[in-house]
Amino acid sequence: MSVGERLDDEDTVVMSLKLYNTLKKKREEFVPLEEGKVGIYVCGITAYDVCHIGHARSAVVFDVIYRYLKYKGYDVTYIKNFTDVDDKIIGKAIAEGTDIATISERYIKEHNEDMDRLGVARPTVTPRATENIKGMIRLIDTLMERGLAYVVNGDVYYSVEKFAGYGKLSGRGLDDMMAGARIDIDEKKKNPYDFVLWKASKEGEPWWSSPWGNGRPGWHIECSVMSQRFLGDTFDIHGGGEDLIFPHHENEIAQSEGATGKPFANYWMHNGFIKIDSEKMSKSLGNTLTIKQTLVAYHPEVVRFFILQRHYKSYIDFSDAAMAEARMGMERVYAALKGIKDARGEEADLSDLSEKDLDKEDEIVFEKVRTLPDRFTEAMDDDFNTPMALGYIFDIVRVINSYLPAKESPFTRGMLFTLSEARERIREAGKVLGLFLEDPDDYFAKDQEREVRKAGLDEEEIERLITERRQARDAKDWGRADEIRDLLVGKGIILKDTPTATTWKIG
RNA sequence: GGCGGCAUAGCCAAGUGGCUAAGGCAGCGGUCUGCAAAACCGUUAUUCACCGGUUCGAGUCCGGUUGCCGCCUCCA
């Protein structure tokens, strides 16, 4: 069996990965350049500010793509850059009276913290623009030699009219764009859409020496250089937010293909945006939400779940209500995982369980559970359909929930084996999605702690009241017990009475 | 003005020509309970914005209408 294929039990079924290629505007079968290997480049952040949930979406989406490609058995090289020289970084450095390295270092560190908390795996390499200036100068030089770039007063511009394929990614021709141009006419440029490759430095700005004088790179050249450096002239997948399609990715193609004469990336993938309360998130609207703010209010897996419940290409609408729903959904899965955990008990050694332990009823459940990996793969092979993959996980959750409470402790070996299988299969899919990876008790403990903090409640006071209610109930003093219950409900606390204890949660 | 996307139950959301239109949330019914709640189970779209067309067959393809949205400027 070769990589990228799975063989079914009976007949040979080639399950190939299909993905939507922005370049072709259609879904295509994914065929890597080199069998068994994938090179993927995703545009990273400009390190001038803390990351917002839009960054989180892009990071989580491509994290899942990266993990899934590895799950399929590919040897994946995943490159995500940091832009650490740029107008905004320079502006901030000047404002703070420091240098750009201090600024970019600070926000790269913040970014990495955010990613770690979101459970986003580190890419294979995270190159920085300033480490690749020489490569940029070489690439610009090649573009000059090929007649695709020109110099004006120490600035170097790319001449878009000289590149025949300009507009092929964004699907717009230069003529179309000129018709409704909303851009400023810059006298220095031959065409308004020409973009800067190298900028002559102004007083007080960082600079590197170049054949065109002291300056710094333009906004687009770094990605052409870093992708080529780590993945070669042509590579498999290039990703980023949909806003980058034009001009950034269009310009990358012009730079790279203009210089090498070879195709740049074979597949282009773009994630959709996050809106907040149905509005576009932007600094001008003042409705940006940072990852750190989001994680104060929600468990990182709830954030991931929220993102993965929608297909990566469509926009998603962030709101407290939507996040509350995501939290409820996560709770459902974790509740099932807790049921499995509790059934198994802490101590028991279950390593010698096998299919031989299954009775007829166990077998029916076991067979359903065992279909999860194939169904998960089917969904993910279909342009990374994470909503469908999650739907399949919920199907298994329902199967287990129906099976579990019907049983009385002690559990038979066959039941324990079936439950173990369910847990493992959910965990296997969860590892790709970055979900359901916590111990259920830890998950609920953290969730409760977070909710208590958000509601500004006093946990000890709640516990004291619950104990008092417990005592009242034991004494069959229903009046007092209900009085306390009403008090707690008034604070948003939901009591969970079981025969042996009362626990609680915030609803 | 140019380019592109989307419209599926109360809400969110899969579905890209053919079994009974996934799944989640909310709602309703049931189990449980001192009564509740929580949890679990069951249930909730003869129908996919509207009109026409292609086809043996369309939510899925084509044309039109309406309504939202994105990009064209740094932006994930």
Side-chain angles (χ1 to χ4, degrees), chain A residues 18 20 22 25-27 42-46 48-49 51-62 86-88 167 170-173 175-184 193 219 239-248 250 270-275 278 280-284 288 305-306 309-311 313-317 319 321-322 324-333 335-336 338-339 375 379 382-383 385-395 397-398 400-402 404-406 473 476 478 481-482 485-486 488-489 493-499 502-505 507:
Chain A
K18 291 194 174 63
Y20 182 85
T22 311
K25 291 169 185 56
K26 64 180 181 192
R27 195 186 305 208
V42 174
C43 294
I45 60 154
T46 299
Y48 76 101
D49 205 349
C51 292
H52 52 66
I53 54 171
H55 296 106
R57 182 177 194 192
S58 185
V60 167
V61 162
F62 286 103
D86 152 280
D87 286 346
K88 292 200 186 82
S170 54
R172 54 189 102 198
D175 294 342
D176 294 337
M177 291 192 289
M178 296 308 290
R182 272 195 351 212
I183 49 167
D184 298 329
Y193 283 97
W219 307 305
E242 65 181 3
D243 56 313
L244 296 179
I245 294 172
F246 191 88
H248 184 58
E250 196 68 67
H270 294 95
N271 67 272
F273 262 45
I274 285 188
K275 293 193 194 186
S278 305
K280 185 186 169 175
M281 179 173 65
S282 74
K283 296 210 168 176
S284 54
T288 55
F305 181 81
F306 167 74
Q309 250 187 320
R310 283 82 167 174
H311 187 85
K313 282 204 304 287
S314 45
Y315 80 82
I316 60 181
D317 197 358
S319 65
E325 281 187 18
R327 176 172 167 253
M328 291 304 168
M330 285 296 287
E331 197 169 306
R332 183 168 164 81
V333 178
K338 178 161 168 56
R375 295 206 285 164
D382 186 13
D383 199 22
N385 193 335
T386 53
M388 183 176 273
L390 287 167
Y392 289 146
I393 290 172
F394 278 103
D395 286 342
V397 165
R398 191 183 330 98
I400 291 304
N401 283 340
S402 309
L404 204 48
R473 291 187 74 209
K476 299 211 185 314
W478 309 124
D482 292 350
R485 182 170 71 194
D486 293 343
L488 290 170
V489 167
I493 293 160
I494 294 167
L495 295 172
K496 298 191 273 188
D497 288 327
T498 67
T502 298
T503 56
W504 55 281
K505 68 168 188 173

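Computed from a predicted model, the values in this text were never measured in an experiment. Atoms considered below: every heavy atom in the structure, side chains included; atoms not considered: hydrogens, waters and symmetry mates. In the text below, chain A, chain B and the rest are named by the order of the sequence lines, each starting its count at 1.
Using a 4.0 Å heavy-atom distance criterion, A:Ile274 is classed as a base contact. If you check every strand for non-hydrogen atoms under 4.0 Å, A:Asp87 touches nothing. Residue-level contact check: A:Lys275 touches the backbone only, with heavy atoms under 4.0 Å from sugar-phosphate atoms and none from bases. Across all strands, A:Met330 comes closer than 4.0 Å to no nucleic acid atom at all (heavy-atom distances). Within the 4.0 angstrom heavy-atom criterion, no nucleotide atom of any strand lies near A:Thr503. Nucleic acid contact for A:Gly167: none, since no nucleic acid atom lies under 4.0 Å from a heavy atom of the residue. Within the 4.0 angstrom heavy-atom criterion, only backbone atoms of the sugar-phosphate kind lie near A:His311; the bases stay farther away. At a threshold of 4.0 angstrom between heavy atoms, the contacts of A:Phe273 include nucleobase atoms, whether or not backbone atoms are also involved. Among the atoms of the strands shown, base atoms are found under 4.0 Å from some heavy atom of A:Asp497. Using a 4.0 Å heavy-atom cutoff across all strands shown, A:Gly241 reaches sugar-phosphate atoms only and no base atom. Within 4.0 Å (heavy atoms only), A:Leu495 reaches at least one base atom of the nucleic acid. Residue contacts for A:Glu250: at a heavy-atom cut-off of 4.0 Å it reaches no nucleic acid atom on any strand shown.
Here B:G15 sits opposite B:U8 as a Watson-Crick or G-U wobble pair (both hydrogen-bonding atom distances under 3.5 Å). Using N1 to N3 plus N6-O4 or O6-N4 for Watson-Crick, or N1-O2 and O6-N3 for G-U wobble, each under 3.5 Å, B:U43 pairs with B:G27. Across all strands shown, nothing is found opposite B:U33 as a Watson-Crick or G-U wobble partner with both distances under 3.5 Å. The partner of B:U65, taking Watson-Crick or G-U wobble pairs whose two distances both stay under 3.5 Å, is B:A49. The partner of B:A22 is absent, by the rule that a Watson-Crick or G-U pair needs both atom distances under 3.5 Å. With both pairing distances under 3.5 Å, B:C71 is matched to B:G2 as a Watson-Crick or G-U wobble pair. The base-pairing partner of B:G57, taking Watson-Crick or G-U wobble contacts with both distances under 3.5 Å, does not exist among the strands shown.
OP1 and OP2 of B:G5 both lie 4.0 Å or more from every side-chain N or O belonging to A:Lys25. The shortest distance between the side-chain N/O atoms of A:Ser282 and the OP1/OP2 oxygens of B:C74 is not below 4.0 Å. Using a 4.0 Å cut-off, some side-chain N or O of A:Tyr193 falls inside it from OP1 or OP2 of B:U73. Phosphate proximity of B:A39 to A:Asn401: absent, as no side-chain N or O sits under 4.0 Å from OP1 or OP2. Taking 4.0 angstrom as the limit, A:Arg310 places none of its side-chain polar atoms (N or O) nearer than this to OP1 or OP2 of B:A14. Distances shorter than 4.0 Å separate some side-chain N or O of A:Lys505 from OP1 or OP2 on B:A39. Side-chain nitrogen and oxygen atoms of A:Arg332 include none within less than 4.0 Å of the OP1 or OP2 phosphate oxygen of B:G23.
In terms of heavy atoms, A:Asp383 sits closest to A:Tyr20 at OD1-N, 3.0 Å. When all heavy atoms are compared, the tightest approach of A:Gly239 to A:Phe62 is CA-CZ, 3.6 Å. Taking every heavy atom of both residues into account, A:Leu244 and A:Cys43 meet most closely at CD1-CB, 3.7 Å. Residues A:Ser58 and A:Asn271 come closest through the heavy atom pair OG-OD1, 3.1 Å.
Using P as the reference atom, B:G59 and B:A49 are 10 Å apart when rounded to the nearest Å. Nucleotides B:C41 and B:G53 are separated by 46 Å at their C1' atoms, to the nearest Å. Taking the C1' atom of each, B:C12 and B:C48 are spaced 16 Å apart, rounded to whole Å. Comparing the C1' positions of B:G18 and B:G57 gives a spacing of 7 Å, expressed to the nearest Å. A distance of about 35 Å separates the P atoms of B:U54 and B:U44, rounded to the whole Å. B:A21 sits 10 Å from B:A14 when the C1' atoms are compared, rounded to a whole Å. Remark: the separation of the P atoms in B:U46 and B:C3 is 38 Å, to the nearest Å. Here the separation of B:U47 from B:U33, taken at their C1' atoms, is 40 Å to the nearest Å.
Remark: P of B:A14 and CD of A:Gln309 are 9 Å apart, rounded to the nearest angstrom. The CD atom of A:Glu325 sits 14 Å away from the P atom of B:A14 (whole-angstrom rounding). A:Arg485 places its CZ atom 6 Å from the C1' atom of B:A37, with the value rounded to the nearest Å. Rounded to an integer number of Å, the gap from A:Lys280 NZ to B:A76 P is 11 Å. At whole-Å resolution of the value, CZ in A:Phe306 and P in B:A76 are 18 Å apart. If you take CZ of A:Arg398 and P of B:A39, they are 16 Å apart, rounded to a whole angstrom. Look at CG on A:Asp317: it is 13 Å from C1' on B:C68, rounded to the nearest Å. Taking atom CZ of residue A:Phe246 and atom P of nucleotide B:A76, one finds them 17 Å apart after rounding to whole Å.
Of the N and O atoms on the side chains of A:His270 and A:Thr22, at least one donor lies less than 3.5 Å from an acceptor on the other residue.
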Working for side-chain contact (heavy atoms from CB on, under 4.5 Å), residues A:Arg332 and A:Phe394 | CA-CA 8 Å; A:Arg332 183 168 164 81; A:Phe394 278 103; 3.9 Å; yes

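Remark: the A:Arg172 side chain and the B:G4 base include no donor-acceptor N/O pair separated by less than 3.5 Å. Counting atom types as modelled, A:Asp482 pairs a side-chain N or O with a base atom of B:G34 as donor and acceptor under 3.5 Å.
Checked against B:A76, B:U16, B:A22, the side chain of A:Asp243 finds its nearest nucleotide in B:A76. The A:Asp395 side chain lies nearest to B:G23 when the options are B:A76, B:U16, B:G23.
Toward the 5′ end of RNA chain B lies the nearest nucleotide of A:Trp478, the other residue of the pair A:Trp478 and A:Ile45 mapping further downstream. Where A:Ala481 and A:Met328 meet RNA chain B, the nucleotide closest to each residue was compared, and A:Met328 sits on the side nearer the 5' end.
Under the salt bridge (charged side-chain N to carboxylate O under 4.0 Å, His left out) criterion, A:Arg310 pairs with no residue at all, not counting sequence neighbours.
Using a cutoff of 4.0 Å between basic side-chain nitrogens and carboxylate oxygens, A:Glu331 and A:Lys505 are scored as salt-bridged.
A stacking contact between A:Phe394 and B:G24 is absent: the pair does not combine a ring-centre distance of less than 5.5 Å to the base's six-membered ring with planes differing by less than 30°.
At least one side-chain heavy atom of A:Trp478 sits under 4.5 Å from a side-chain heavy atom of A:Arg473. Residues A:Trp219 and A:His248 fail the side-chain proximity criterion, which asks for heavy atoms closer than 4.5 Å.
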